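Here the structure is a predicted model, which means the values were calculated and not measured. Index from 1, following the sequence. Side chains are part of it too, since the values below use all heavy atoms of this structure and drop only hydrogens, waters and symmetry mates.
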Amino acid sequence: MVDFYDEQLLRRCGVNESGLWSMSRGFAKSADEYKARLAAADEPRMGDLDGRGHLSEQRLAEFCAYSARTAVDQANYMAKAFAIDDVKTRINAYFQRVRLDLKPESAHLFLHVFAMGTMERMEAGRVAGLAERTARDVLTALLAEGLMRSDTPKGRVRVGFPLHAVGYLFPNLYPAGSSDALPPSPSTPNSTGVLT
């Protein structure tokens with residue numbers, strides 16, 4: 001299941017602003033059952049042993065149990081989506097096959113910050129094995145792309161998941177996602193130099 005760290009990571013990265021984690025995804029997988037159980041929860045009570053109000057307590061309990069199963073299913077799905085070895089593979093593929101316009105060391109920096117949570121900017125050179133100026137340029141490019149985020153111009157950095165990357169980094173988790181980290185056809189730079 002998704003643990004506290006995963007949930008906090010999502011919040012700190014601003015991921016949920018894009019609706020990356022949502023119970024709606026789970027309900028959509030069983031839309032007919034969701035609608036039926038929701039409607040049943042509004043049914044009148046079924047005899048004297050079905051609660052004390054006007055509505056069925058049994059049907060409400062069934063809807064709650066269905067919702068809990070859906071939540072567990074989605075939490076397990078998120079845990080698999082954030083499994084570190086799989087994430088590493090997708091991150092490397094994204095930087096090596098999709099974003100060829102960014103320096104190769106970008107993947108190493110992104111992976112390091114993803115695993116550690118945050119990083120001081122001055123550590124970029126040591127982590128990437130680059131000269132300070134080159135490391136600063138790599139970090140600046142990642143910040144400009146939204147792949148790194150920071151609350152202040154000189155503050156610690158954390159990973160970001162911009163809309164243009166989230167479909168590759170977490171396929172099938174976001175509606176714009178693809179089924180793998182490879183583009184469907186050979187990529188060519190667009191007018192901004194970004195591979196599409």
Within the side chain of Ser150, is there an N or O that forms a donor-acceptor pair under 3.5 Å with the backbone of Arg156?
yes

Taking every heavy atom of Ala165 against every heavy atom of Leu147, the minimum-distance pair comes out as CB-CD2, 3.9 Å

Find the distance between CE (Met148) and CG (Leu143) and round it off to the nearest 0.5 Å.
7.5 Å

Would you confirm whether Ser30, through its side chain, and Glu33, through its main-chain N or O, come within 3.5 Å as a donor-acceptor pair?
no

Hey, could you give me the CG/CD distance between Leu139 and Glu123, rounded to the nearest 0.5 Å?
11.0 Å

Run the salt-bridge test on Asp137 and Arg133 with the 4.0 Å N-O cut-off and return the result as yes or no.
yes

Looking at Arg121 and Gly155, would you say the former's side chain and the latter's main chain have a donor-acceptor pair under 3.5 Å?
yes

pair Val87-Arg90: side-chain heavy atoms closer than 4.5 Å:
yes

Answer yes or no: is there a donor N or O on one side and an acceptor on the other, between the side chain of Asp73 and the main chain of Arg69, under 3.5 Å?
no

So how far is it from Arg97 CZ to Asn92 CG, rounded to the nearest 0.5 Å?
9.5 Å

Distance, nearest 0.5 Å, that separates CZ of Arg149 from CG of Leu142
14.0 Å

For the residue pair Phe161 and Phe114, does the interplanar ring angle fall in the parallel (under 30°), tilted (30 to 60°) or perpendicular (over 60°) class?
perpendicular

Spacing of CZ belonging to Arg136 relative to CG belonging to Leu130, to within rounding of 0.5 Å:
12.0 Å

Which heavy atom of Pro162 sits nearest a heavy atom of Gly146, and at what distance?
CD-O, 3.3 Å

In Å, rounded to the nearest 0.5 Å, how long is the span from CD of Gln74 to NZ of Lys29?
5.5 Å

Flag the pair Tyr66 / Phe27 as yes when their ring centroid distance falls below 6.0 Å, and as no otherwise.
yes

For Asp86, give me all partners under salt bridge (charged side-chain N to carboxylate O under 4.0 Å, His left out), at least two apart in sequence or on another chain.
none

Quick one, Leu169 and Ile91 - any side-chain contact, counting heavy atoms below 4.5 Å?
yes

Over 12 non-hydrogen atoms of neighbours within 6.0 angstrom of CD in Glu132
no

Which pairs of donor and acceptor atoms, one on a side chain in residues 102-112, lie under 3.5 Å apart (sequence neighbours left out)?
from   : atom 1 : to     : atom 2 : distance (Å)
Ser106 : OG     : Lys103 : O      : 2.8
His108 : NE2    : Val127 : O      : 2.9

